[in-house]
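We number each residue from 1, following the sequence as shown.
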Amino acid sequence: VAEMVEQEQEMVRQYVEQQQQEDAALVQSALSNEVICPVCLRGPLFQNGNVFFCQCGMRLNLQADQLSLEQLRCSIEHAFGGHAATGCNLKPQCAVQNCGGYDMLVMVCSGCGHMDIVA
């Protein structure tokens with residue numbers, strides 16, 4: 001029993017540590033010109049033409065859409081703000097999905113079911 005309690009405490013500690021790292025990255029992003037990757041919530045996003053990418057492997061090719069890094073930041077903030085307005089306390093997950101040959105950045109919350117196409 002003591003071993004199970006110890007394992008549970010370690011899992012909680014790791015979860016809290018991860019949440020603190022994600023929150024710190026978001027605060028740093030707000031204080032700088034960096035846009036934090038909405039997929040990993042850690043690394044900065046970079047842009048090369050119409051392609052946005054992160055060191056975590058996230059790659060979003062918007063092809064003909066002319067979108068700046070700042071415009072993408074606004075879209076990400078709007079999507080997360082829309083989710084927060086639902087009253088759900090869980091953090092939604094973002095992922096790049098390909099639909100008909102076009103990449104889309106999609107945000108989904110597994111708790112409340114909120115979904116948004118970010119870009």
Side-chain angles (χ1 to χ4, degrees):
V1 173
E3 184 178 317
M4 288 175 53
V5 170
E6 192 175 302
Q7 288 176 344
E8 185 176 304
Q9 288 175 340
E10 177 62 19
M11 287 174 37
V12 169
R13 186 194 64 73
Q14 289 175 353
Y15 175 78
V16 168
E17 185 178 300
Q18 179 182 355
Q19 293 300 310
Q20 289 173 337
Q21 289 173 353
E22 290 175 3
D23 291 345
L26 293 174
V27 168
Q28 180 62 31
S29 171
L31 297 175
S32 71
N33 288 332
E34 284 186 343
V35 178
I36 296 298
C37 175
V39 174
C40 72
L41 298 176
R42 291 195 178 122
L45 282 182
F46 301 98
Q47 181 177 11
N48 183 7
N50 293 330
V51 178
F52 298 89
F53 58 96
C54 173
Q55 61 193 9
C56 73
M58 188 283 287
R59 185 177 183 279
L60 175 66
N61 184 351
L62 295 180
Q63 298 179 9
D65 291 343
Q66 297 297 318
L67 193 67
S68 71
L69 201 52
E70 184 58 32
Q71 289 169 318
L72 183 57
R73 175 204 303 262
C74 290
S75 293
I76 293 167
E77 289 174 356
H78 184 271
F80 275 86
H83 173 260
T86 67
C88 180
N89 293 324
L90 296 178
K91 285 188 179 177
Q93 302 293 312
C94 289
V96 175
Q97 296 183 355
N98 188 287
C99 184
Y102 294 95
D103 284 349
M104 295 187 307
L105 180 61
V106 179
M107 181 189 79
V108 177
C109 178
S110 61
C112 68
H114 183 87
M115 180 183 168
D116 201 348
I117 296 174
V118 180

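E6 CD: 12 or fewer foreign heavy atoms inside a 6.0 Å radius. Enclosure of atom CD in E3 is not indicated, since only 12 or fewer non-hydrogen atoms of other residues, nucleotides or ligands lie within 6.0 angstrom.
A continuous path of ILVMFWY side-chain contacts below 4.5 Å connects L62 to V35, so both sit in one hydrophobic cluster. The same ILVMFWY cluster, assembled from side-chain heavy atoms under 4.5 Å apart, contains both L69 and F80.
Closest non-hydrogen pair, H83 versus M107, comes out as CB-CE, 3.8 Å. Here the closest heavy-atom approach between residue N98 and residue G100 is recorded as OD1-N, 3.9 Å. In terms of heavy-atom proximity, L90 sits nearest to C109 at CB-SG, 4.1 Å. Contact between S75 and V118 at its shortest, heavy atoms only, is CB-O, 3.4 Å. When every heavy atom of C54 is checked against every heavy atom of L45, the shortest pair comes out as CB-CD2, 4.0 Å. In terms of heavy-atom proximity, C37 sits nearest to M58 at SG-CB, 4.1 Å.
Donor-acceptor pairing under 3.5 Å is lacking for the side chains of D103 and N61.
Each ring pair (Phe, Tyr, Trp, His ring centres under 6.0 Å) pair with one or both residues in residues 45-71, not counting sequence neighbours, appears once here: F46-F53.
A side chain to side chain contact (heavy atoms under 4.5 Å, CB included) with C94 is found for one member of L105, V108, I76 and no other, namely L105.
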Stepwise side chain to side chain contact (heavy atoms under 4.5 Å, CB included) check, I36 with R42: CA-CA 6 Å; I36 296 298; R42 291 195 178 122; 5.8 Å; no

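Remark: Q93 pairs with no residue by the side-chain contact (heavy atoms from CB on, under 4.5 Å) rule, at least two apart or across chains. Take Q97 and apply the side chain to side chain donor-acceptor pair (under 3.5 Å) test, not counting sequence neighbours, and it matches no residue.
Note that CD of Q66 is 5.0 Å distant from CG of N50, once rounded to the nearest 0.5 Å. A distance of 10.0 Å separates CD of E77 from CG of L72, quoted to the nearest 0.5 Å. Interatomic distance, Q47 CD to Q71 CD, rounded to the nearest 0.5 Å: 9.0 Å. Distance CD/E10 to CZ/R13: 4.0 Å, rounded to 0.5 Å.
Of the possible polar contacts, none joining the Q14 side chain to the Q9 backbone as a donor-acceptor pair under 3.5 Å is found.
No side-chain heavy atom of V96 sits less than 4.5 Å from a side-chain heavy atom of M104.
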